[in-house]
Amino acid sequence: MERFLIVYRGAPAGEGEVAVHHPEQWAAWFDRLGAAVIDRGSLTQASVEVPSRLIGPKLSGSSLSGYSIVEAADFDEIVRLAQACPIFDERGSVEIARLADQPA
């Protein structure tokens, strides 16, 4: 089995808009994933970007919404699992990355 990072990206919110989040749908999805979930991660509320060491942080324009770490056999399986993610019902998307093996 391989470990994958799922990054949740929310729909871009307009001025004063608040993202709609359905915690019960997320809980049900994680329950369906079962033992494949290594780290449920967390949803984010705000972020800053540091474009270089010489420039201080600025408010990020990113739609980063959170992350999880999930185990799957390969990209095909993790994509299949992610397709049921509630972020799609919240007008968002996911980005999936295979995590490198950690040295012992």
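Quick note: residue numbers are just sequence positions, from 1.
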* Asked: Using 30° and 60° as the class limits, which term best fits the ring planes of Phe30 and Trp26: parallel, tilted or perpendicular?
  -> tilted
* Check: Arg9 and Leu64 side chains under 4.5 Å, non-hydrogen atoms -> yes
* About how many Å separate CD1 of Ile69 and CZ of Phe4, when rounded to the nearest 0.5 Å? -> 12.5 Å
* To do: Working to the nearest 0.5 Å, report the span between SG of Cys85 and CD1 of Ile96.
  => 9.0 Å
* Met1 and Ile38: same hydrophobic cluster, using ILVMFWY side-chain contacts below 4.5 Å? -> no
* **Counterpart residues, salt bridge (Lys or Arg N to Asp or Glu O under 4.0 Å), relative to Asp31 (two or more places apart)** => Arg40
* Could you state the interatomic distance from CG (Asp101) to CZ (Arg3), rounded to the nearest 0.5 Å? -> 7.0 Å
* Asked: Could you give the distance from CZ (Arg98) to CG (Asp74), rounded to the nearest 0.5 Å?
  -> 8.0 Å
* Is it true that a side-chain atom of Ser65 and a backbone atom of Ser63 form a donor plus acceptor pair closer than 3.5 Å? -> yes
* Taking side chain as C-beta onward, heavy atoms only, is Ile6 less than 4.5 Å from Ile78? -> yes
* Rounded distance (nearest 0.5 Å) linking atom CG of Asp39 with atom OH of Tyr67 -> 4.5 Å
* Asked: Do Thr44 and Tyr8 come within less than 4.5 Å of each other through their side chains, counting heavy atoms only?
  -> no
